[in-house]
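Here the structure is a predicted model, which is why all the values come from computation and not from measurement. Numbering starts at 1 and runs along the sequence shown. Computation of the quantities below employed the complete heavy-atom set of this structure, encompassing side-chain atoms and omitting hydrogens, waters and symmetry-equivalent molecules.
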Amino acid sequence: MGKHCEHGWELIGEGGLKQLFVAQEIALNHHERWDGTGYPNRRQGNMIPLAARVAALADVFDALTHRRCYKEAWSVEDALREMARLRGKHFDPELTDLFLELVPQLQGQHGDLDAYLGVEARKNDFIKDRERIARELKRDLASFT
């Protein structure tokens, strides 16, 4: 588990696409902590790339608010309280403040956050292209059987 950041960096970089550099930064740095106690490189503060700091908030929120084999899902309110407690330790303080404002606003406007984010993600060109490629690969593979 502790090596998944480096493995993600390497896997994303194997294609050699410069456009995926931000994805590599996220993969490598999303477990770094604002106070420098994270991994794999113990980066702290603004030394952690901005995209990774944003992804860390989303990653922890997702982990807290969804059931896992080792825990039940937390309520959105409990998750936000925990994230507020980790402000300046795990998370960038300014981004945490924005996140703590944004999530209740989105929840108030859209209700079910998972449903809303799922619909919005499907509008993303990257997701559309990925789904198109998957369909074409299935069609091409079917011609071999």
Side-chain angles (χ1 to χ4, degrees), residues 1-15 17-41 43-142:
M1 180 68 175
K3 289 284 190 186
H4 82 278
C5 297
E6 290 103 330
H7 294 311
W9 168 273
E10 292 167 5
L11 284 170
I12 294 168
E14 283 179 0
L17 295 174
K18 292 178 186 174
Q19 297 89 334
L20 293 179
F21 181 73
V22 172
Q24 278 187 288
E25 283 189 327
I26 291 169
L28 184 63
N29 296 288
H30 71 285
H31 284 294
E32 299 290 358
R33 292 181 175 220
W34 186 255
D35 66 5
T37 63
Y39 66 90
N41 297 309
R43 290 192 173 119
Q44 68 181 52
N46 289 324
M47 295 303 295
I48 304 166
L50 177 61
R53 287 182 270 147
V54 171
L57 286 160
D59 185 47
V60 170
F61 182 76
D62 179 72
L64 291 175
T65 58
H66 291 89
R67 186 182 178 284
R68 301 288 192 255
C69 61
Y70 52 86
K71 69 162 204 61
E72 291 301 317
W74 292 23
S75 70
V76 168
E77 295 76 20
D78 287 343
L80 293 177
R81 270 193 293 279
E82 178 66 7
M83 295 177 80
R85 188 183 71 75
L86 296 172
R87 179 189 184 276
K89 297 174 191 138
H90 190 135
F91 306 117
D92 175 327
E94 290 180 47
L95 291 178
T96 303
D97 292 345
L98 293 171
F99 190 86
L100 295 174
E101 288 178 35
L102 179 64
V103 170
Q105 284 178 11
L106 289 174
Q107 196 174 29
Q109 292 170 353
H110 303 285
D112 182 346
L113 290 176
D114 286 335
Y116 167 69
L117 294 172
V119 167
E120 290 303 304
R122 286 181 189 82
K123 295 177 185 177
N124 181 288
D125 288 339
F126 176 80
I127 300 298
K128 289 178 188 176
D129 289 342
R130 189 181 76 177
E131 290 172 347
R132 179 185 53 77
I133 290 167
R135 281 192 307 274
E136 290 175 10
L137 284 172
K138 284 181 184 177
R139 189 181 67 232
D140 289 347
L141 289 175

Test salt bridge (charged side-chain N to carboxylate O under 4.0 Å, His left out) on Glu131 and Lys128 and set out the steps. CA-CA 5 Å; Glu131 290 172 347; Lys128 289 178 188 176; over 6 Å; no
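- If you look at Phe99 and Phe61, their ring centroids are closer than 6.0 Å.
- Using cut-offs of 30° and 60° on the angle between ring planes, the pair Tyr39 and His31 is parallel.
- Separation of atoms CG (Leu95) and CG (Leu102) is listed at 11.5 Å; rounding is to 0.5 Å.
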Give the intermediate values and the outcome of side-chain contact (heavy atoms from CB on, under 4.5 Å) for residues Arg87 and Asp92. CA-CA 6 Å; Arg87 179 189 184 276; Asp92 175 327; over 6 Å; no
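- Remark: side-chain polar atoms of Arg122 are paired, donor with acceptor, to backbone N or O of Gly118 under 3.5 angstrom.
- Within the 3.5 Å criterion, the main-chain N or O of Ala52 finds no donor-acceptor partner in the side chain of Glu25.
- Within a 6.0 Å sphere centred on NZ of Lys138, heavy atoms belonging to other residues, nucleotides or ligands number 12 at most.
- In this structure the side chain of Asp78 never reaches within 4.5 angstrom of the side chain of Thr65, judged on heavy atoms.
- The closest donor-acceptor contact from the side chain of His110 to the backbone of Leu106 lies at 3.5 Å or more, if one exists at all.
- Residue Phe91 forms a side chain to side chain contact (heavy atoms under 4.5 Å, CB included) with just one option from Val60, Val54, Asp35, and that option is Val60.
- Other residues, nucleotides and ligands contribute more than 12 heavy atoms inside 6.0 Å of the CZ atom of Arg132.
- For the atom pair CG (Asp62) and CG (Leu113), the distance works out to 11.0 Å, reported to the nearest 0.5 Å.
- Classification of Asp125 and Arg130 as a salt-bridged pair fails, no side-chain N sitting under 4.0 Å from a carboxylate O.
- No hydrogens or angles considered: a donor-acceptor pair under 3.5 Å links the side chains of Arg53 and Asn46.
- Asn41 places a side-chain heavy atom less than 4.5 Å from the side chain of Leu28.
- Taken to the nearest 0.5 Å, the CG atom of Leu11 stands 12.0 Å off from the CG atom of Leu20.
- For Lys71 (side chain) and Ala63 (main-chain N/O), a donor-acceptor pair under 3.5 Å exists by modelled atom type.
- Between the side chain of Asn124 and the backbone N or O of Ile127 there is at least one donor-acceptor pair closer than 3.5 Å.
- Although no hydrogens or angles enter the test, the distance criterion places no donor-acceptor pair under 3.5 Å between the side chain of Glu72 and the main chain of Arg67.
- You'll find the side chain of His30 stays beyond 4.5 Å of the side chain of Ile48, heavy atoms only.
- Atom-to-atom distance recorded for Arg81:CZ and Trp74:CH2 is 10.0 Å, nearest 0.5 angstrom.
- Within a 6.0 Å radius of CD in Glu82, other residues, nucleotides and ligands contribute more than 12 heavy atoms.
- Side chains of Glu32 and Pro40 form a contact here, defined as non-hydrogen atoms less than 4.5 Å apart.
- With values rounded to the nearest 0.5 angstrom, Leu50 atom CG is found 11.5 Å from Asn29 atom CG.
- Judged by distance alone, with hydrogens and angles left aside, the side-chain atoms of His90 form no donor-acceptor pair with the main-chain N or O of Leu86 at under 3.5 Å.
- Looking only at distances, no side-chain donor or acceptor of Lys89 sits under 3.5 Å from a matching main-chain atom of Thr37.
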